[in-house]
4 protein chains.
Amino acid sequence: MKETIMDKSIELFAEKGFKETSIQDIMDELHVTKGTFYYYFKSKEELLKDIHLQYIERLLENQKKIISDPSKTCQEKLFAIIYKLIQDIEKEGQRAKVFIREINHLSDQYLDIVLPKRDQFRENVQLLIEEGIKNGEFRTDLPPDIVSFGILGIANWSYFWFKPTGKVSDKRVAEIFYEMLIHGIQQNN
Amino acid sequence: MKETIMDKSIELFAEKGFKETSIQDIMDELHVTKGTFYYYFKSKEELLKDIHLQYIERLLENQKKIISDPSKTCQEKLFAIIYKLIQDIEKEGQRAKVFIREINHLSDQYLDIVLPKRDQFRENVQLLIEEGIKNGEFRTDLPPDIVSFGILGIANWSYFWFKPTGKVSDKRVAEIFYEMLIHGIQQNN
Amino acid sequence: MKETIMDKSIELFAEKGFKETSIQDIMDELHVTKGTFYYYFKSKEELLKDIHLQYIERLLENQKKIISDPSKTCQEKLFAIIYKLIQDIEKEGQRAKVFIREINHLSDQYLDIVLPKRDQFRENVQLLIEEGIKNGEFRTDLPPDIVSFGILGIANWSYFWFKPTGKVSDKRVAEIFYEMLIHGIQQNN
Amino acid sequence: MKETIMDKSIELFAEKGFKETSIQDIMDELHVTKGTFYYYFKSKEELLKDIHLQYIERLLENQKKIISDPSKTCQEKLFAIIYKLIQDIEKEGQRAKVFIREINHLSDQYLDIVLPKRDQFRENVQLLIEEGIKNGEFRTDLPPDIVSFGILGIANWSYFWFKPTGKVSDKRVAEIFYEMLIHGIQQNN
DNA sequence: AATGAATGAGTTTTCATTCAT
DNA sequence: CATGAATGAAAACTCATTCAT
């Protein structure tokens, strides 16, 4: 039931927004009464925290798997991360939407738990860049932290416009972004 | 007065969020009564629409100025657009925050007015890329629409992390992102 | 309107209790909507605080008038205070009931305002006793603080049993208590 | 278990109030589930009734022991009753608090059981006074019913202010009140 | 005896909006 | 232009109670 409530709330939060979705709305769709919600969650905000935590933890896990693969170069790992992020929109689009859009409805108490994990995801990308710089895969004249923000910007922003139903596949988008990032958009003669 | 209300509401919307800010909150800070609000605005949502419209129109104007400058190459124009966007965070950070974050509180009726202008901003970037491809400045093997989304992702995402008070200036960030985009992050031997 | 709400709420709090009376109950009887309540009061608890404060301040005022009368002996003043307290049940019985019974529904924040005034009322009785001891009216071998608690106990407890409609008048009850206190209940031969 | 629930609920009712304490609160502290409560009690109100009944019955028993002691004078018996009441605060303070403060949360159905016993306790004091009047121990010019209310007022009110941890012992307080009642507070020359 | 899930009616509170003055 | 009062619909949350297991 707890899982059911989370799933349905993600669906509604993604569609209408956190503030616009009432507990009533969620429970109505599940054909159970409002009181039931509070048997499983302490508050609406706790539910949102759980959604965030579950999502970022899965994200970190995936990232870890990719990064710790010794058979891949840094460039390949970078592609894998970007691909995974965009691929997620298809399968976990709603979760991602909520994760990116509704973070500001968490109060400090919960942010203290969620934000460090979010930061770590970005930091791991930075570490990957740094490693790539050391081993000669990446340019030495670009600051890895800013670059990591740029890369995540490209990928995360997809949630605002990418439609899985469109004519361009998630893999193709990832490839284009990867190409753009690796070789730049300038024409080389 | 209308301008005063808009300014104060932007301030509060940016800080606390649209839903979290009541008309009362806004008017309290202006030391006028709630009723006054409805003399100047039909509804809270109309206020939000006005904020969005004002912002995107100024953005489009700036963009137009940059693009229509015949003395600049496409690459220079691209840099100018990125720089302008990031520079805005410093001067218009609150407006930008509201613009990016609170779009989903506009109902269809208002989205019909705002969204086309938003799209046009992105489309203009795409047109710039296309022009650059034609004149040999940009690579021909990358689809301009996806690239334009990527570029805006890099720039817009800054609103989530860029602190004007930090040790890296807006100009420097813009330069790094520009470099990254133009030449790519790969080390070339 | 604020006064009307207070009056009606005192009536209902006295009859049914603070917790048992909902804002709805109060406003229903006044034929206005619930929202109106929050135009006049910040919360239900603030209303209770206002009731307490209004009551204890009137009590202190009356007490001051009695005590500062130079034409009365301490014994006469003591009688006046007791009489006033019991007399109040007839006219202000509901207020008194709420004042005595519902104090524990005020949170610390409000208790800090109300309790010092309550204490002062008791302390003033103690000061009166002390003065009477000095001028030879009262026995020197009884501690004035405990005595003051005893006196207030006798008077305040009336709220639990005294019925203004009964066959004994408020004045008669005050006289009996006064006699009992002054000369004791022992038969002297 | 039933006894355990009663004990813990008295503790919590005394501390936070009847309405403010939920069944959940009580059972949480006992590390059992809410459902268990309804195996032992029909309702929350029945629990409160049981607490009241248990308390007043013990009180009546004690009173009976004191009153039926043929070796004591009425004055001695009166002292014993007052002492016992105040002494109770130390040992049974929480029970007493609930007994005095939460009576109004009992509905008529239960009041019919509890109130007669409460009244009887007071009436027994009245009977003691009447006996003392007959045998010449007490004044004949004071109505025994009102006097009994006064005596109980003095004693019961202690629950609102008497702190067992204070510097004055329960016995000393009882003695002072007894003296005050017997001989009065007036200075006799 | 005890549990765990669910209910439903109620509670306080918020707030966009209206409107006579 | 601006105010102050009122509305009404909805929100989050609480909790005594029930009941199958």
Side-chain angles (χ1 to χ4, degrees), chain A residues 1-2 4-5 18-28 30-48 105, chain B residues 1-2 4-5 18-28 30-48 105, chain C residues 1-2 4-5 18-27 30-48 105, chain D residues 1-2 4-5 9 18-28 30-48 105:
Chain A
M1 172 90 285
K2 188 162 180 168
T4 314
I5 294 175
F18 177 73
K19 271 281 167 182
E20 284 73 16
T21 305
S22 70
I23 306 285
Q24 190 70 264
D25 290 341
I26 301 165
M27 304 316 270
D28 274 1
L30 298 177
H31 304 294
V32 263
T33 50
K34 218 175 0 178
T36 302
F37 177 86
Y38 289 93
Y39 181 76
Y40 293 98
F41 296 94
K42 239 179 53 224
S43 68
K44 195 186 175 188
E45 212 189 333
E46 206 206 45
L47 161 65
L48 185 60
H105 290 113
Chain B
M1 173 91 288
K2 187 162 181 170
T4 315
I5 293 175
F18 176 74
K19 271 279 169 183
E20 285 73 15
T21 305
S22 69
I23 307 281
Q24 191 72 263
D25 290 341
I26 301 165
M27 304 316 269
D28 273 2
L30 298 178
H31 304 293
V32 257
T33 49
K34 214 173 7 172
T36 305
F37 177 87
Y38 289 89
Y39 182 79
Y40 294 101
F41 295 93
K42 236 177 61 221
S43 69
K44 196 186 176 189
E45 214 189 333
E46 206 207 44
L47 161 66
L48 185 61
H105 291 113
Chain C
M1 174 89 282
K2 188 164 182 169
T4 315
I5 294 176
F18 176 75
K19 271 279 169 185
E20 285 72 16
T21 305
S22 70
I23 306 286
Q24 190 73 263
D25 290 341
I26 301 166
M27 304 316 269
L30 298 178
H31 303 294
V32 263
T33 51
K34 221 176 354 181
T36 303
F37 177 85
Y38 288 92
Y39 182 75
Y40 293 99
F41 296 93
K42 242 176 52 220
S43 69
K44 195 186 176 187
E45 212 189 333
E46 205 207 45
L47 161 64
L48 185 60
H105 291 112
Chain D
M1 173 90 293
K2 187 162 181 168
T4 315
I5 294 175
S9 66
F18 176 73
K19 273 278 170 181
E20 285 73 15
T21 304
S22 69
I23 306 282
Q24 190 72 264
D25 289 341
I26 300 165
M27 304 315 270
D28 273 2
L30 298 178
H31 304 293
V32 257
T33 49
K34 214 172 8 171
T36 305
F37 178 86
Y38 288 90
Y39 182 79
Y40 294 99
F41 295 94
K42 235 178 60 221
S43 70
K44 196 186 176 189
E45 215 190 331
E46 207 207 45
L47 161 65
L48 185 60
H105 291 112

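Owing to the predicted nature of the structure, the values given are computational and were not obtained by experimental measurement. Note on naming: letters A, B, ... go to the chains in the order of the sequence lines (proteins, then strands), and numbering restarts at 1 for each one.
- Scored by the side-chain contact (heavy atoms from CB on, under 4.5 Å) test, A:Thr33 finds A:Thr36 as partners (sequence neighbours excluded).
- Rounded to a whole Å, the NE2 atom of B:His31 is 16 Å from the C1' atom of F:dT3.
- Secondary-structure annotation of DNA chain F gives the stems E:2-21 with F:2-21, with a stem taken as at least 3 successive Watson-Crick or G-U pairs whose two distances both fall under 3.5 Å.
- One can place CG of A:Leu48 at 12 Å from P of F:dA12, the figure rounded to the nearest angstrom.
- Closest of all the heavy-atom pairs between D:Ile5 and D:Ile26 is O-CG2, 4.2 Å.
- At least one donor-acceptor pair under 3.5 Å links the side chain of B:Asp25 to the backbone N or O of B:Ser22.
- A:Met27 has its CE atom 19 Å from the P atom of F:dA10, to the nearest Å.
- Under the 4.5 Å side-chain criterion, counting only non-hydrogen atoms from C-beta, A:Tyr38 is in contact with A:Ile23.
- Regarding D:Lys2, its NZ atom lies at a distance of 16 Å from the C1' atom of E:dA2, rounded to whole Å.
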Check: Can you give one letter per nucleotide of nucleotides 14-21 of chain E, going 5' to 3': B for a protein heavy atom under 4.0 Å from the base, S for sugar-phosphate only, - for none?
Finding: BBBBB---
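- A donor-acceptor pair under 3.5 Å is formed between the side chain of B:Lys44 and the backbone N or O of B:Phe18.
- Nearest heavy atoms, A:Glu20 versus B:Lys19: OE2-CE, 3.0 Å.
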Notebook entry, point to check: Stepwise, does the side chain to side chain contact (heavy atoms under 4.5 Å, CB included) test hold for D:Glu45 with D:His105?
Noted result: CA-CA 8 Å; D:Glu45 215 190 331; D:His105 291 112; over 6 Å; no
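- Pairing each heavy atom of A:Glu46 with each of A:Phe41, the nearest pair is OE1-CA, 3.6 Å.
- We find that CZ of C:Phe41 is positioned 12 Å from P of F:dA6, with the value rounded to whole Å.
- Residue C:Tyr39 has a polar side-chain atom (N or O) positioned under 4.0 Å from OP1 or OP2 of F:dA5.
- Here the C1' atom of nucleotide E:dT3 and the CG atom of D:Leu30 are 15 Å apart, to the nearest Å.
- Residue A:Tyr40 has its side chain nearest to E:dA5 when only E:dA2, F:dA2, E:dA5 are considered.
- Closest non-hydrogen pair, D:Met1 versus D:Tyr40, comes out as CG-CE1, 3.2 Å.
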